[in-house]
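Step one of this worksheet: look at the structure below.
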Amino acid sequence: MNSIKSAKIFYFSGTGNAKQIAEWFCTIAIEKNIGCQMYCTDKTNPKSLSAISPDTLLIFISPIHGFNFPKIMLDFIRHFPLGKNNIVLMNTRAGMRIGHRVTPGLTGIAFLLSSFLLRKKGYKIVGQIPFDMPSNWVSIHPALGKKTVKFLHKENLSRVRKHADKIFSGKPDFLAHKDLVQDILISPVSLAYYFVGRFFLAKSCYASANCNQCGLCEKQCPVQAIKNSHSQPFWTFRCESCMRCMKNCPQRAIETTHGLWMVLFFLSSTATGLLYAPVANHIQSILIKITLFSVVLILLLWILYRAQHLLLRNKFIRKWIVFTSLTHYKFWGKV
């Protein structure tokens, strides 16, 4: 692998972590007199990129969703033209901080699957590098404090410089291989997320009374998953849970449906138990129970989320729905 003369970086970013890594790499490339261009994948048609010089290094970077690249990034890779270029794969995982140490996230099958797809197109994978940027999945956990975010950015910038020096000098870099065992072990969760979990999280957002119907969330959604329904945003199953809408909302009006989740899990568990009871004495299968629960969960979610959307039109009920959303409170925070 010879010293790099030019590079193109293709990134998908919801809240900015992957974009930040891409910008750092591009800046370092330019400092080294390497021609570098950045492309946001949700604004780029991969079929229009067939004229890329085979000597150009290609870098793909995306956040990890459910221990895999999100569908929008996988679709971009699937439609990417054939070629012979060297490719470096990167991701941003859920990084945390304990003392002066960065706790790593997990990549799952993201590199394995994307490497397989790209090799079939003729490309050579010369790097797989994860970065543990600030975890921002506020649907699941409180937002990280400013000091922690600043610390993680500082640590990751240092890592970017180290890996950029190696990559741009033409050396392979497979840091991700040290996590290969954990990533393979977590692969069943990746599949569960792709087939069930992402549809569940697609319905995690709604707009509070602070929404002034500016339509920014609809316009900026990378997968056109938000539509206007009854004069308020409505999240469809196409949502990737990238949280770009929550981060960019000027009114800070987007909340997470924690209250709905509690009701949903209670009803889904009850309904699954009732449906499974008649065959329980004849069939004992955890897989069947999980499958049945998943089907019931998604069906009830479709019904209850739509019902919640209509109930939000009532000011009194809206207040109670917001009251059950942890993202509404300062101690929880938002991205």
Side-chain angles (χ1 to χ4, degrees), residues 14-15 63-68 70-71 94 135-144 189-211 217 221 223 225-227 229-230 232-247 249 252-276 289-314 316-335:
T15 59
I64 294 297
H65 288 188
F67 308 116
N68 195 2
K71 184 177 182 295
S135 179
N136 50 25
W137 213 349
V138 296
S139 297
I140 307 300
H141 64 73
L144 301 183
V189 180
S190 304
L191 296 174
Y193 179 85
Y194 188 84
F195 290 108
V196 179
R198 67 189 179 96
F199 296 110
F200 169 74
L201 286 169
K203 298 291 189 179
S204 64
C205 292
Y206 71 93
S208 71
N210 292 334
C211 176
C217 57
C221 179
V223 290
I226 307 171
K227 65 180 184 180
S229 176
H230 300 286
Q232 54 188 349
F234 180 90
W235 279 257
T236 69
F237 278 122
R238 294 185 63 182
C239 173
E240 292 278 357
S241 303
C242 73
M243 293 185 292
R244 184 182 294 181
C245 53
M246 183 179 284
K247 179 177 176 59
C249 177
R252 307 293 285 170
I254 299 174
E255 307 289 359
T256 300
T257 57
H258 292 118
L260 179 64
W261 286 0
M262 290 187 288
V263 174
L264 179 66
F265 274 102
F266 173 77
L267 292 178
S268 297
S269 298
T270 303
T272 301
L274 293 173
L275 291 170
Y276 188 73
K289 288 181 180 179
I290 293 174
T291 302
L292 182 59
F293 177 81
S294 299
V295 172
V296 171
L297 180 76
I298 297 301
L299 179 60
L300 286 177
L301 177 61
W302 182 81
I303 296 170
L304 294 178
Y305 184 82
R306 189 167 292 273
Q308 176 184 263
H309 185 75
L310 295 174
L311 290 172
L312 284 168
R313 299 164 68 185
N314 181 286
F316 178 76
I317 296 177
R318 183 193 290 266
K319 287 182 179 180
W320 277 101
I321 292 175
V322 172
F323 179 76
T324 64
S325 297
L326 294 173
T327 48
H328 173 67
Y329 300 98
K330 288 184 178 181
F331 80 90
W332 193 269
K334 293 183 180 178
V335 290

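At least one side-chain heavy atom of Q232 sits under 4.5 Å from a side-chain heavy atom of R313. Contact of the Y193 side chain with the L201 side chain is registered, since non-hydrogen atoms from C-beta on lie closer than 4.5 Å. You'll find the side chain of R252 stays beyond 4.5 Å of the side chain of N210, heavy atoms only. Contact check for L326 versus F331: side-chain heavy atoms found under the 4.5 Å cut-off. Inter-residue side-chain proximity for M246 and V138 is flagged as met; some heavy-atom pair is nearer than 4.5 Å. Side-chain contact between Y276 and F293: absent, with no pair of heavy atoms (C-beta onward) separated by less than 4.5 Å. A heavy-atom distance below 4.5 Å is found between the side chains of K334 and E255. The closest side-chain heavy-atom distance from T256 to W261 is below 4.5 Å.
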Practice task
Check the pair F323 / Y329 against side-chain contact (heavy atoms from CB on, under 4.5 Å), numbers first and verdict last.
Solution key: CA-CA 9 Å; F323 179 76; Y329 300 98; 3.2 Å; yes
Exercise for the section: Report the C-alpha separation of F234 and K203 in whole Å, then their side-chain angles, then the decisive distance to 0.1 Å, and conclude whether the side-chain contact (heavy atoms from CB on, under 4.5 Å) test is met. Expected result: CA-CA 9 Å; F234 180 90; K203 298 291 189 179; 3.6 Å; yes
Practice task
Under the side-chain contact (heavy atoms from CB on, under 4.5 Å) rule, what do F199 and L301 come out as? Steps first, then yes or no, please.
Solution key: CA-CA 9 Å; F199 296 110; L301 177 61; 5.8 Å; no
Practice task
Go through the steps to decide whether H65 and C242 satisfy the test side-chain contact (heavy atoms from CB on, under 4.5 Å), and finish with yes or no.
Solution key: CA-CA 8 Å; H65 288 188; C242 73; 4.1 Å; yes
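Using cut-offs of 30° and 60° for the angle between ring planes, the Y305 and H309 rings count as parallel.
Atoms CZ and OG, on R306 and S229 in that order, are 6.5 Å from each other to the nearest 0.5 Å. A distance of 8.5 Å separates CG of L264 from OG1 of T257, quoted to the nearest 0.5 Å. Here CG of L274 is found 11.0 Å from OG of S269. Values are rounded to the nearest 0.5 Å. How far CG of L300 is from OG of S268: 4.5 Å, rounded to the nearest 0.5 Å. One distance of note links OG1 of T15 with CG of N136; it measures 3.5 Å at 0.5 Å rounding. Taken from CG in L312 to CD1 in I321, the straight-line distance is 4.0 Å, to the nearest 0.5 Å.
Nearest heavy atom pair, residue C245 against residue W235, reads SG-NE1, 3.6 Å. Closest heavy-atom contact between S135 and H141: OG-NE2, 2.6 Å. In terms of heavy atoms, I226 sits closest to P233 at CG2-CB, 3.8 Å. Looking at every heavy atom in both residues, V296 comes nearest to A271 through CG1-CB, 3.9 Å. Between L260 and Q308, the shortest heavy-atom contact is CB-OE1, 3.6 Å. In plain terms, the two heavy atoms of R318 and A207 that are nearest each other are NH1-O, 3.0 Å.
Between the side chains of W320 and T324, no donor-acceptor pair is found at a separation under 3.5 Å. Looking only at atom types and distance, the side chain of H328 has no donor-acceptor partner in the side chain of S208 under 3.5 Å away.
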